[in-house]
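See below for the structure under consideration.
FYI, side chains are in, hydrogens and waters are out, and symmetry mates aren't considered; it's all heavy atoms of this structure. Worth saying up front: this structure is predicted, and the values here are computed from it rather than measured.
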Number of protein chains: 2
Amino acid sequence: MSRVINGHKRVSEANRERVHKAMKELGYRPNSFAQALASNRSNSVGMVVTHISGNFFGPMLHTVEETLRAQGVHLIAASGYDDLEKERDAVRFLLSRQVDALILHTNALPDDEIIELKQQGTRVVVINRFIPELAEDCIRLDNELGGYLATKHLLDLGHKKVAHISGPLLYEDARDRFNGYRKALDEHGVEFDPRLIVEGSFMEDRSMPVIEKLFKRDVEFSAVFCGNDNLALQVYDWLSQNNYIPGDQYSVIGFDDMAFARHLRPRLSSIDFPIITMGKLAAEYALDKDSTRQRNSNLRLEPSLMARDSSANRRC
Amino acid sequence: MSRVINGHKRVSEANRERVHKAMKELGYRPNSFAQALASNRSNSVGMVVTHISGNFFGPMLHTVEETLRAQGVHLIAASGYDDLEKERDAVRFLLSRQVDALILHTNALPDDEIIELKQQGTRVVVINRFIPELAEDCIRLDNELGGYLATKHLLDLGHKKVAHISGPLLYEDARDRFNGYRKALDEHGVEFDPRLIVEGSFMEDRSMPVIEKLFKRDVEFSAVFCGNDNLALQVYDWLSQNNYIPGDQYSVIGFDDMAFARHLRPRLSSIDFPIITMGKLAAEYALDKDSTRQRNSNLRLEPSLMARDSSANRRC
DNA sequence: ATAGTCAGTGTAAGCGCTTTCAATATGCCA
DNA sequence: TGGCATATTGAAAGCGCTTACACTGACTAT
């Protein structure tokens with residue numbers, strides 16, 4: 001009797017037990033499709049991320065999956081590759097799977113389309129992006145603070161010329177980090193020099209040309225704030241290829257504090273991104289059936305500085 | 001009309017078109033639960049891996065997801081943590097989701113239980129493990145060959161004393177790699193010395209004590225073959241903490257050739273594990289509806305040597 | 001004592017598909 | 001032209017559940 005399974009209140013204790021016993025004896029397993037069909041709930045959540053196998057998304061997916069599973073809800077993840085068509089496709093696919101909620105980490109999909117999803121009745125959680133109309137469904141990091149902390153750290157170490165290799169500036173988070181950089185500069189009375197800026201990619205192994213460009217430019221600098229750790233990793237590569245040592249001739253700091261940061265030599269300074277917290281939060285938002293619950297409509301997690309060996313006092 | 005959707009043959013061209021047109025006009029989307037319920041197929045595949053966010057499983061999951069999605073099938077992934085209860089739990093969860101097939105990368109689950117799953121009618125694909133009764137459903141790497149190649153490489157470089165930090169020897173793959181190591185030793189007429197062996201973990205950041213034990217033991221050696229790249233990474237950590245340089249005083253080779261291997265300095269030599277190929281194959285096996293198709297019942301992918309800077313000629 | 005409540009239980013109508021089977025239409029043969 | 005095989009279509013019976021509704025008693029307030 002379905003009332004027992006679903007923990008309906010109006011069932012006598014005696015009967016509840018009888019049913020439970022019978023279920024065990026018969027090895028009964030509810031058919032989740034029949035449940036879904038009849039109740040119009042699927043107990044599944046869809047998530048689209050940039051790339052399932054990313055250093056950043058791995059831990060995120062893991063946390064989300066774990067949190068959902070604890071509630072008997074399953075996760076269907078799809079890669080969007082930051083490409084408009086592919087993101088659309090992923091959403092379409094997940095929707096065709098009747099997910100109860102959608103967790104989106106998309107960069108190409110325009111705000112409108114996301115808002116429309118919500119209007120069509122899908123619960124939506126937006127990660128690392130802010131959409132005013134969906135304010136209560138957005139979870140993001142205070143990227144500006146992160147950029148500020150990173151830059152201030154370098155400035156405090158005595159560096160006057162701090163370069164910045166940003167992520168794609170068409171992404172909100174990359175822009176915010178950049179703004180934090182400028183804010184720190186301003187606060188320290190250092191003049192902004194556009195020659196110290198280049199725009200890279202957040203993905204692995206794509207930004208070498210840009211990094212090279214920066215280092216070969218006719219500007220001096222002694223420190224680099226990288227938009228994320230992948231960029232920092234490539235800066236490491238470049239430095240080592242050119243017989244420099246991070247933290248020595250050039251101080252470098254990354255962003256995200258990915259697992260590999262502390263394994264690099266010298267260990268990479270970075271800005272800690274609370275991925276786990278964010279994943280958990282996203283899953284909880286997604287599970288939040290009646291989104292009646294009052295949510296913080298301007299939720300921003302706080303990053304923090306992880307100073308290690310790649311950032312050191314200015315020498316030359 | 002379902003016959004059109006499912007590409008049934010006996011439909012007139014005219015009607016097929018009429019239906020397609022109507023579907024578009026009405027924005028019709030088939031309900032996947034009703035389909036699943038009526039047809040008893042779910043168009044979903046479950047996968048249990050050790051840890052969703054692992055360096056190894058990320059690319060694997062990604063490939064599997066991509067391959068499945070191209071067929072409109074979705075993937076539900078769950079972590080098993082190499083723990084018997086958790087693996088069971090994951091399987092139970094996936095089964096309750098009526099997956100059409102199960103891709104298993106489990107280490108704790110005994111053979112019997114996996115065989116039983118198959119007997120109960122679930123399509124099963126077993127990764128990185130060999131179960132004779134399920135020979136045609138197993139996809140694995142020739143780990144022994146890998147261990148052999150790694151060790152031979154070090155031996156060829158002139159090292160006489162080659163240590164081995166294995167993965168947990170209760171795992172088949174770890175044992176096979178170890179066997180490959182011994183085989184290479186034998187072939188080079190080098191006597192096996194048990195003092196040069198320690199057993200670590202494949203997971204991140206768990207093997208430092210064991211590594212320390214090896215280096216502090218009263219045996220000399222000039223090269224280490226690590227059971228996987230995570231172990232090699234920790235050897236790097238230990239070496240750097242003790243002011244050694246990999247490839248200099250100690251040659252190091254890992255296994256799996258994870259993405260970070262080529263970013264380490266010195267770049268880590270490793271044994272390439274064709275993760276992508278394996279993921280693709282696993283997905284295809286899982287999709288293989290009528291497993292009538294003759295499969296290779298002893299499929300082993302071949303690893304290959306990626307020699308980089310961490311393995312060098314013996315100096316001292 | 002009577003009507004009104006309500007916890008507890010049984011019943012049946014779907015949810016939106018697939019699939020079987022019967023019904024009709026078409027084409028071919030002698 | 002009749003008869004039969006084959007192509008196409010329509011209709012209906014579920015798939016295994018949820019849920020709205022009707023019903024039974026027992027209990028309470030009048």
Side-chain angles (χ1 to χ4, degrees), chain A residues 1-46 68-69 71-74 76 92-101 120-123 287 289-290, chain B residues 1-46 68-69 71-74 76 92-101 120-123 287 289-290:
Chain A
M1 185 112 315
S2 97
R3 278 182 276 245
V4 172
I5 298 173
N6 298 295
H8 197 290
K9 36 200 152 183
R10 296 189 175 174
V11 219
S12 68
E13 205 43 52
N15 264 359
R16 186 192 310 284
E17 270 175 30
R18 279 204 301 148
V19 172
H20 274 137
K21 196 178 153 206
M23 284 188 358
K24 271 213 179 121
E25 280 172 6
L26 301 174
Y28 171 82
R29 305 174 140 288
N31 179 313
S32 59
F33 296 118
Q35 288 180 316
L37 183 58
S39 67
N40 205 30
R41 273 178 280 106
S42 68
N43 280 318
S44 68
V45 166
L68 294 179
R69 181 135 79 94
Q71 308 292 322
V73 170
H74 78 243
I76 312 176
R92 221 175 290 142
F93 176 73
L94 294 173
L95 247 29
S96 84
R97 267 20 189 93
Q98 258 80 27
V99 294
D100 290 336
Q120 285 167 1
T122 316
R123 216 171 325 139
L287 286 170
K289 312 276 176 189
D290 38 21
Chain B
M1 184 110 318
S2 99
R3 278 182 275 244
V4 172
I5 298 174
N6 299 296
H8 197 289
K9 38 203 151 179
R10 297 192 174 174
V11 221
S12 68
E13 206 44 53
N15 264 359
R16 187 192 310 283
E17 269 174 32
R18 281 205 299 147
V19 172
H20 275 136
K21 197 178 154 206
M23 285 190 354
K24 269 210 180 122
E25 280 172 6
L26 301 173
Y28 170 85
R29 306 173 140 290
N31 180 312
S32 57
F33 296 119
Q35 288 181 315
L37 184 58
S39 67
N40 205 29
R41 273 177 280 104
S42 68
N43 280 318
S44 68
V45 166
L68 294 179
R69 180 135 80 93
Q71 308 292 323
V73 170
H74 77 244
I76 312 176
R92 224 175 287 142
F93 176 74
L94 295 173
L95 248 29
S96 85
R97 267 24 189 91
Q98 257 81 27
V99 294
D100 290 337
Q120 284 167 3
T122 315
R123 217 172 322 138
L287 286 169
K289 313 274 178 193
D290 38 22

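- Classification of the Phe33(A)-Phe33(B) ring pair by plane angle, with boundaries at 30° and 60°, yields tilted.
- Distance, Leu37(B) CG to dC17(D) P: 9 Å, rounded to whole Å.
- If you check dG14(C), dT19(C), dC17(C) against the side chain of Tyr28(B), the one that comes closest is dC17(C).
- Within the 3.5 Å criterion, the main-chain N or O of Val45(B) finds no donor-acceptor partner in the side chain of Asp100(B).
- Regarding Asn31(B), its CG atom lies at a distance of 10 Å from the P atom of dT18(C), rounded to whole Å.
- Taking the side-chain hydrogen bond (donor to acceptor under 3.5 Å, both in side chains) definition, one finds that Thr122(A) meets it with nothing, sequence neighbours left out.
- In this structure, the CG atom of Asn40(A) is 14 Å from the C1' atom of dC17(C), given to the nearest Å.
- Residue Gln35(A) places its side chain closer to dC17(D) than to any other of dT19(C), dC17(D), dC17(C).
- Between the P atom of dG16(C) and the CG atom of Asn43(B) lies a distance of 19 Å, rounded to the nearest Å.
- From His74(A), atom NE2 reaches atom CD1 of Ile76(B) across 3.5 Å, with rounding to the nearest 0.5 Å.
- Here the P atom of nucleotide dG16(D) and the CZ atom of Arg41(A) are 20 Å apart, to the nearest Å.
- For the helix from dA1(C)-dT30(D) to dA30(C)-dT1(D), the terminal axes (five pairs an end, C1' atoms, rotation from four pairs onto the next four) enclose an angle of 40°, given to 10 degrees.
- Here the closest heavy-atom approach between residue Ala36(A) and residue Ser42(A) is recorded as CB-CA, 4.1 Å.
- The separation between Phe33(A) atom CZ and dT18(D) atom C1' is 17 Å, rounded to whole Å.
- Scanning for side-chain contact (heavy atoms from CB on, under 4.5 Å) contacts around Ser32(B) gives Arg97(A), Gln98(A), Gln35(B), with sequence neighbours left out.
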